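As the structure is a prediction and not an experimental result, all values here were calculated from the model.
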Protein chains: 2
Amino acid sequence: MSEKRDRIISAALQLFCENGFQHTSTAAISKKAGVATGTLFLYFKSKDELINALYLETKAALSKHMQEGLEQAATVHDKLFHIWLKSVGWSEANPYHFRFFNMFSNSAFISALTKDEAASLFQFTEELVKNAVAEGSIAPIETGLFVSLFGGQLNATINYLAQSPQPENRQQIVEKAFRLFWKSMKA
Amino acid sequence: MSEKRDRIISAALQLFCENGFQHTSTAAISKKAGVATGTLFLYFKSKDELINALYLETKAALSKHMQEGLEQAATVHDKLFHIWLKSVGWSEANPYHFRFFNMFSNSAFISALTKDEAASLFQFTEELVKNAVAEGSIAPIETGLFVSLFGGQLNATINYLAQSPQPENRQQIVEKAFRLFWKSMKA
DNA sequence: ACTTTCACTGACTGATTAGTCATTTTTATA
DNA sequence: TATAAAAATGACTAATCAGTCAGTGAAAGT
């Protein structure tokens, strides 16, 4: 991966979040990245391919971060809590990436193909849930519903934190929200 | 409200959902609505004002629907369940509107002002939560966090249903997801 | 019958911009 | 050092489209 490519991706991320896809010209991205307008099209066939690549790589980064140290968690509870904390941490450390997901996950710019590819990066969470139900750690539930609810709760928590005025009890909120989720799901 | 205005709003909703904001020209909206290109600009100063009006009116319709018959629910549990069912029902009866929210709630097209106005339509939910905590029906929690989690869980449920292959146990899923939420929140 | 009003029309335009490509610069190779 | 290959440049273009405005026709008022 070239360094110029990285600069383009990173400039695109910022500008898309600040001004939206439509109000960000490829010329503006190139300028911010410090490359010529043509260079962008060496690395990405089109503006659409650029945003899809950005989406996929961002998802991949999050997925990787979630799994770091996951093997050290012994119980299902601990594994879910690990994923929870990693996700919150990553989102707070990468506010642009998080905002990017909020803005574009449901937009028309991301193709169905890209979404499929991204979903496969989170396959491991489905496995986790299936095993948890099988071993009786959590109450019986459709895997997809569990994953959806977990993601929803997580997203709601992060969004709440992002717009909440007091960050001092941030950690308590994060833990409390997880406790609530776990309370609803445990066997 | 003129009938042409309605047709423009409704055409815009469909086209925005199908092709996104950027790939929907005002000419296409006008054509689908069966009016001249200039007519759109009689009712909306700009394409941006159009999407903001659409957002606000859709939110208002949902808010109104949620509150229909709400006074008949006696307990906090019943009130929340009423809102839950009304929301799910409305989203399934108005899939375009629901998709529109998913696509544009976090987009750059909806102004902060519009979002503020929309939020005020849901003021009643915050009151509900405050009273519930005060009377001890639910465990103590920050109002904003509760509202955020409720919305997140609801949204996750509807999204799960929308992409789930089997609609036969739809009602069970809806009730189950609410039971899980209530389990996590009740005093 | 004349005038005024006004919702509506649609051809038109000025501005924007995604993407191209002939050329130059840099890097690798012999 | 000479040559080839690869990477990068940026002026340019073809196309799109939001928004305008002079004009139309129907209805209301006098």
Side-chain angles (χ1 to χ4, degrees), chain A residues 1-58 96 100 103-104 107-114, chain B residues 1-58 96 100 103-104 107-114:
Chain A
M1 296 289 173
S2 105
E3 183 231 346
K4 296 205 175 185
R5 186 180 185 285
D6 289 345
R7 292 218 305 276
I8 291 168
I9 281 269
S10 147
L13 172 66
Q14 267 192 55
L15 292 173
F16 287 159
C17 287
E18 279 162 14
N19 312 318
F21 186 71
Q22 131 142 316
H23 293 297
T24 301
S25 66
T26 55
I29 297 169
S30 300
K31 192 178 172 189
K32 191 173 183 89
V35 302
T37 62
T39 308
L40 191 153
F41 295 95
L42 287 180
Y43 292 103
F44 308 95
K45 271 210 284 292
S46 66
K47 196 183 168 188
D48 268 275
E49 191 179 295
L50 167 59
I51 197 173
N52 276 272
L54 175 51
Y55 179 84
L56 204 52
E57 287 170 31
T58 305
Y96 273 110
F100 176 77
M103 286 177 75
F104 295 106
S107 77
F109 309 121
I110 311 297
S111 76
L113 186 71
T114 301
Chain B
M1 294 293 172
S2 105
E3 184 231 344
K4 294 203 176 186
R5 185 182 186 283
D6 288 346
R7 290 219 306 275
I8 292 166
I9 281 270
S10 149
L13 172 66
Q14 267 193 54
L15 292 174
F16 287 159
C17 287
E18 280 161 13
N19 313 318
F21 187 72
Q22 131 142 318
H23 293 296
T24 301
S25 67
T26 55
I29 298 169
S30 300
K31 192 177 173 189
K32 190 173 185 89
V35 301
T37 62
T39 308
L40 191 153
F41 294 96
L42 288 179
Y43 292 104
F44 308 96
K45 273 210 284 290
S46 65
K47 195 183 170 189
D48 268 275
E49 191 180 294
L50 167 59
I51 197 173
N52 277 272
L54 175 51
Y55 179 83
L56 205 51
E57 287 170 32
T58 305
Y96 272 111
F100 176 76
M103 286 178 75
F104 295 106
S107 77
F109 310 121
I110 311 298
S111 75
L113 186 70
T114 301

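- Rounding to whole angstrom units, NZ of residue B:K45 and P of D:dT20 are separated by 11 Å.
- One can place NE2 of A:H23 at 11 Å from P of D:dA18, the figure rounded to the nearest angstrom.
- Residue A:T37 places a side-chain atom within donor-acceptor reach of the base of D:dA11, judged by atom type and a 3.5 Å distance cut-off alone.
- When heavy atoms are screened at a 4.0 angstrom cut-off, A:S30 is found touching no nucleic acid atom at all.
- A straight line from CG of A:L40 to C1' of C:dT17 spans 13 Å, rounded to a whole angstrom.
- Distance A:L42 CG to D:dG10 C1': 12 Å, rounded to the nearest Å.
- The listed nucleotides are C:dA7, D:dT20, D:dA7; the one nearest the side chain of B:F41 is D:dT20.
- Atoms CZ and CD1, on A:F109 and A:I51 in that order, are 6.0 Å from each other to the nearest 0.5 Å.
- D:dG19 atom C1' lies 13 Å from atom CG of B:D48, rounded to whole Å.
- Using a 4.0 Å cut-off between charged nitrogen and carboxylate oxygen, B:R5 and B:E57 count as a salt-bridge pair.
- Of the candidates C:dA18, D:dT9, C:dC8, C:dA18 carries the atom nearest the A:K47 side chain, counting heavy atoms from C-beta on.
- When rounded to the nearest whole Å, the span between CD1 of A:I29 and P of C:dG19 equals 11 Å.
- Side-chain contact between A:T58 and A:L54 is present, with heavy atoms from C-beta onward closer than 4.5 Å.
- Nearest nucleotide to the A:S46 side chain, out of C:dG19, D:dT9, C:dA18: C:dG19.
- For D:dC17, neither phosphate oxygen OP1 nor OP2 lies less than 4.0 angstrom from any side-chain nitrogen or oxygen of B:T26.
- The distance from atom OG of A:S25 to atom NZ of A:K47, rounded to the nearest 0.5 Å, is 7.0 Å.
- Closest to the side chain of B:K4, from the set D:dA7, D:dG19, C:dT9, is C:dT9.
- Atom OH of A:Y43 is separated from atom C1' of D:dT9 by 12 Å (rounded to the nearest Å).
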